[in-house]
Amino acid sequence: MRHFLDINTTDTADLTGMIAEATRIKQARAGKPKGALDEEQPLKDHMVALIFEKPSTRTRVSFDVGVRQMGGQTMVLSGSEMQLGHGETVADTARVLSRYVDMIMIRTFEEATLLEMAEYADVPVINGLTNRSHPCQIMADILTFEEHRGSIAGRKVVWAGDGNNVCASFLHAAGQFGFDVTFTGPEVLDPEQKFVDEARAKGAKIEIVRDPVQAVEGADLIVADTWVSMHDAPSARERRHNLLRPYQINDELMAHAKPDALFMHCLPAHRDEEVTNTVMDGPQSVIFDEAENRLHAQKAIMRWCLGA
């Protein structure tokens, strides 16, 4: 059984193989209409359940399109439509879904929900996002970086803002792919120390630098995310904005990184908050390549899960 639950729990060889496969998949589709089937149909006769306890645009569309392009079918389920968490245990839901579908992707709040689903499912389970990590996003980010700049090994990635779930997955990836991460943000929003320690133990250089100008010096990639996440209380908005305003990604800050540094954002972005319009729409931004690559990276992940 191959689950894709987190980058740090997946072998490096498998991860690099998925990136290579995603590149091959993308190249093979060049010039095809979006609705055209792939020449290979590894998911033919397969049904995939896509569970969303959280709202989604890119995760939902990319997984749905990816399954269809590979010849499979999808069943999209929202938390409000299911008994999951409303009287039926996650374990029982996993057992039942395993009788109907060949694979499960779940986008949920608590990591415990994902882990329980994987423990009791008889089919592969993919982490579409939890409050603690977002591995599919970072696989797409690595694919995007390597398309533009070659291997990410040995490069410097700067995460600016909140040490959230996406930041956590960058730390997971640093240890597996061999790049360094500098976090710059307020102390109260530092990433989990456990993830920092784990990446360092695997040989990655992980630094925490409060001064954003100092942090981005020598950066190959600068990454930001929204200041207010979908699971944050509305009352936190003003406080978080005040904390994070010094870490906005703007032209002045980008000028202190390497001249060919890239900018990424997992989207959706709050323009002119965590990042200015001029950076988002500027020549160093690869945010829409990054969004497209969710499709190709996740197709590679699904193929790996099914051994297809």
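These values consider heavy atoms only, across backbone and side chains, with no hydrogens, waters or symmetry-generated copies. Starting from 1, each residue takes its place in the sequence as its number.
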Please lay out, stage by stage, how Met280 and Leu267 fare under the test side-chain contact (heavy atoms from CB on, under 4.5 Å).
CA-CA 11 Å; Met280 277 195 71; Leu267 302 178; 4.0 Å; yes
What's the shortest heavy-atom distance between Asp6 and Ser133, and which atoms?
OD1-OG, 2.6 Å
Can you tell me which residue pairs pass the salt bridge (Lys or Arg N to Asp or Glu O under 4.0 Å) test with a partner in residues 176-190, sequence neighbours excluded?
Asp190-Arg210
Examine distances only and state if a side-chain atom of Thr16 and a backbone atom of Thr12 form a donor-acceptor pair shorter than 3.5 Å.
yes
Can you sort out the partners of His270 under ring-ring contact (aromatic ring centres under 6.0 Å, His included), two or more places apart, ordered by chain and number?
none
Within the side chain of Thr93, is there an N or O that forms a donor-acceptor pair under 3.5 Å with the backbone of Thr89?
yes
Not counting sequence neighbours, which residues clear ring-ring contact (aromatic ring centres under 6.0 Å, His included) with His172? List them please.
Phe195
Show the nearest heavy-atom pair for residues Ala297 and Ala22, with the distance to one decimal.
CA-CB, 3.8 Å
Under 3.5 Å donor-acceptor, Ser98 side chain and Ala94 backbone:
yes
Would you call Arg95 and Asp92 a salt bridge, using N to O less than 4.0 angstrom?
yes
Output all residues satisfying salt bridge (charged side-chain N to carboxylate O under 4.0 Å, His left out) with Arg200, sequence neighbours left out; order by chain, then residue number.
none
Using the side-chain contact (heavy atoms from CB on, under 4.5 Å) rule, take Gln248 and Glu274 through it: C-alpha gap first, then chi angles, then the decisive distance, then the call.
CA-CA 5 Å; Gln248 182 191 67; Glu274 70 271 10; 5.9 Å; no
Can Val101 and His46 be said to form a side-chain contact (heavy atoms from CB on, under 4.5 Å), step by step?
CA-CA 7 Å; Val101 304; His46 285 67; over 6 Å; no
Could you go through residues 59-67 and list every donor-acceptor pair under 3.5 Å that involves a side-chain atom there, pairing it with any protein atom two or more places apart or in another chain?
residue: Thr59; atom: OG1; partner: Arg107; partner atom: NH1; Å: 2.9
residue: Thr59; atom: OG1; partner: Arg294; partner atom: NH2; Å: 2.8
residue: Ser62; atom: OG; partner: Arg58; partner atom: O; Å: 2.4
residue: Ser62; atom: OG; partner: Thr59; partner atom: O; Å: 3.3
residue: Ser62; atom: OG; partner: Gln298; partner atom: NE2; Å: 2.7
residue: Asp64; atom: OD1; partner: Arg68; partner atom: NE; Å: 2.8
residue: Asp64; atom: OD1; partner: Arg68; partner atom: NH2; Å: 3.4
residue: Asp64; atom: OD1; partner: Thr74; partner atom: OG1; Å: 2.8

Got a donor-acceptor contact below 3.5 angstrom from the Gln176 side chain to the Ile7 backbone?
yes
Considering only residues two or more places apart or on different chains, which pairs with a residue in residues 133-155 satisfy salt bridge (Lys or Arg N to Asp or Glu O under 4.0 Å)?
Lys26-Glu147, Arg149-Asp260, Arg155-Asp220
Salt bridge Glu110-Arg132, side-chain N to carboxylate O under 4.0 Å
no
Applying the side-chain contact (heavy atoms from CB on, under 4.5 Å) test to Leu143, which of Ile138, Thr23, Asp289, Ile152 qualifies?
Thr23
Inspect the surroundings of CD in Glu238 and state if more than 12 heavy atoms from other residues, nucleotides or ligands are less than 6.0 Å away.
no
Return the minimal non-hydrogen interatomic distance between Trp159 and Cys167, and the atom names on each side.
CE2-CB, 3.5 Å
Exercise: identify the closest heavy-atom pair between Ile126 and Met103
CD1-SD, 3.9 Å
Tell me if a side-chain donor or acceptor on Glu290 pairs with a main-chain N or O of His265 at a distance below 3.5 Å.
yes
Do NZ/NE/NH1/NH2 and the carboxylate oxygens of Glu40 and Lys299 come within less than 4.0 Å?
no
